[in-house]
Number of protein chains: 2
Amino acid sequence: MQSLQEKASQWSGVDPDDAFAIDGTNLFQKLGLPTFVNLSTNFYTRVYDDEEEWFRSIFANSKKEEAIQNQYEFFVQRMGGPPLYSQRKGHPALIARHRPFPVTRQAAERWLHHMQQALDSIPEIDDDSKTKMMNFFRHTAFFLVAGDELKNQNQRVPCKHSASKPAAA
Amino acid sequence: MQSLQEKASQWSGVDPDDAFAIDGTNLFQKLGLPTFVNLSTNFYTRVYDDEEEWFRSIFANSKKEEAIQNQYEFFVQRMGGPPLYSQRKGHPALIARHRPFPVTRQAAERWLHHMQQALDSIPEIDDDSKTKMMNFFRHTAFFLVAGDELKNQNQRVPCKHSASKPAAA
């Protein structure tokens with residue numbers, strides 16, 4: 001059985017070495033907190049204004065300000081800064097926390113489209129950092145698509161179980 | 001609805017500030033890689049030899065050497081060292097990766113019992129580090145119990161769905 005990491009690499013086209021090249025530099029020290037806040041604000045402004053209703057609707061039950069904070073706190077923590085996210089919300093538990101959302105391949109691509117545009121809108125982010133971040137994001141997006149499929153796997157099991165229980169009738 | 005973090009704190013009795021006090025010191029630099037390898041080896045030797053069959057059986061389909069490596073690589077990464085785990089396996093995705101296992105409160109307590117004994121067996125680990133690590137482990141164990149309950153929530157939904165499909169008969 002393919003691991004989550006193998007699926008993420010195959011589906012994203014990004015090798016783990018490239019995805020985790022973000023660990024070779026301290027991007028938080030290089031870019032600073034305000035840049036991460038700007039990036040997430042720019043990104044979610046695009047998402048919440050998306051002309052594609054199917055994508056926009058994924059976020060309909062989340063508050064924009066909270067989505068922004070969750071995202072930049074996670075990015076800061078993951079890219080060499082203080083563990084802001086875990087101090088406030090605990091382990092990232094990326095797959096589990098994405099359970100409420102349909103993380104399809106199409107949704108991953110749309111997320112990445114907006115993120116590429118957001119990165120391109122922040123002049124403080126140099127090209128090398130941008131490439132490293134996009135590789136990480138692309139690999140992670142498809143890691144979450146792989147995680148989303150676990151959810152579907154699970155859905156098949158319990159029905160067999162309940163079928164083997166004595167019927168209520 | 002209580003968040004994962006709130007459940008983890010309430011059930012474990014460990015506040016997030018205490019759980020994530022591991023982030024106030026670099027425990028990897030303080031203790032070094034061999035100490036983490038020794039800790040995980042000692043821990044899993046206890047687990048795989050556990051006299052409690054119900055607990056031992058949770059690990060029956062996992063290779064001991066792999067369990068040891070997964071654990072110390074994650075600890076090293078989480079406690080200030082190089083991201084060994086992510087380079088090899090991707091995001092920790094703690095809850096998703098524990099899906100195959102029944103992470104009950106009883107299992108969490110048994111895991112913590114063995115971990116306390118393992119920590120007490122490694123003289124290189126000073127009392128302050130031990131306290132910080134146990135707070136992190138206790139909070140995390142119950143974070144995973146909270147995550148395990150998501151799995152059960154999910155199990156109720158699909159059977160309704162399949163009930164609404166045309167029956168095969």
Chemist: Measure distances from Pro83(A) to the heavy atoms of chain B and classify the residue's part below 4.5 Å as side chain, backbone, both or neither.
Modeler: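 For Pro83(A), the contact with chain B is made by the side chain alone.
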
Chemist: At a 4.5 Å cut-off on heavy atoms, which part of Arg97(A) comes close to chain B: side chain, backbone, both, or neither?
Modeler: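 Only the side chain of Arg97(A) comes within 4.5 Å of chain B.
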
Chemist: Find the one option among Lys89(A), His139(A), Arg78(A), Arg88(A) whose heavy-atom pairs under 4.5 Å with chain B are most numerous.
Modeler: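 So the answer, after comparing Lys89(A), His139(A), Arg78(A), Arg88(A), is Lys89(A).
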
Chemist: Could Lys130(B) and Asp120(B) be called an ion pair, given the rule that one side-chain N must be under 4.0 Å from one carboxylate O?
Modeler: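 Asp120(B) and Lys130(B): salt-bridged.
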
Chemist: Could you look at Ser9(A) and say if it's the side chain, the backbone, both or neither that has a heavy atom under 4.5 Å from chain B?
Modeler: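 Nothing of Ser9(A), per the 4.5 Å heavy-atom cut-off to chain B.
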
Chemist: Side-chain atoms of residues 31-46 of chain B: list all donor-acceptor pairs with protein atoms under 3.5 Å, sequence neighbours left out, distances to 0.1 Å.
Modeler:
| from | atom 1 | to | atom 2 | distance (Å) |
| --- | --- | --- | --- | --- |
| Thr35(B) | OG1 | Leu31(B) | O | 2.8 |
| Asn38(B) | ND2 | Pro34(B) | O | 3.4 |
| Ser40(B) | OG | Phe36(B) | O | 3.4 |
| Ser40(B) | OG | Gln71(B) | OE1 | 2.8 |
| Ser40(B) | OG | Tyr72(B) | N | 3.4 |
| Thr41(B) | OG1 | Val37(B) | O | 2.7 |
| Asn42(B) | OD1 | Arg46(B) | NE | 2.7 |
| Asn42(B) | OD1 | Arg46(B) | NH2 | 3.4 |
| Thr45(B) | OG1 | Thr41(B) | O | 2.7 |
| Thr45(B) | OG1 | Lys64(B) | NZ | 3.3 |
| Arg46(B) | NH1 | Gln117(B) | OE1 | 3.4 |
| Arg46(B) | NH2 | Ser121(B) | OG | 2.7 |

Chemist: Counting only heavy atoms from other residues, nucleotides and ligands, does the tally under 6.0 Å from CG of Asp49(A) exceed 12?
Modeler: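 Yes, the 6.0 Å shell around CG holds more than 12 heavy atoms from other groups.
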
Chemist: Can we say Lys30(A) and Asp126(A) salt-bridge, meaning some charged N sits less than 4.0 Å from an Asp/Glu carboxylate O?
Modeler: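 So Lys30(A) pairs with Asp126(A) through a salt bridge.
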
Chemist: Under 4.0 Å between a Lys/Arg side-chain N and an Asp/Glu carboxylate O for Arg138(B) and Glu109(B)?
Modeler: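 Yes, charged N to carboxylate O under 4.0 Å.
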
Chemist: Would you mind checking which part of Ser3(A) comes under 4.5 Å of any heavy atom in chain B, side chain (CB onward), backbone (N, CA, C, O), both or neither?
Modeler: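 Neither part, no heavy atoms under 4.5 Å.
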
Chemist: Shorter than 4.5 Å, heavy atoms on both sides: which option in Pro16(B), Pro82(B), Ala93(B), Ser86(B) has the most such pairs with chain A?
Modeler: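 With the most close heavy-atom pairs to chain A, the winner is Ser86(B).
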
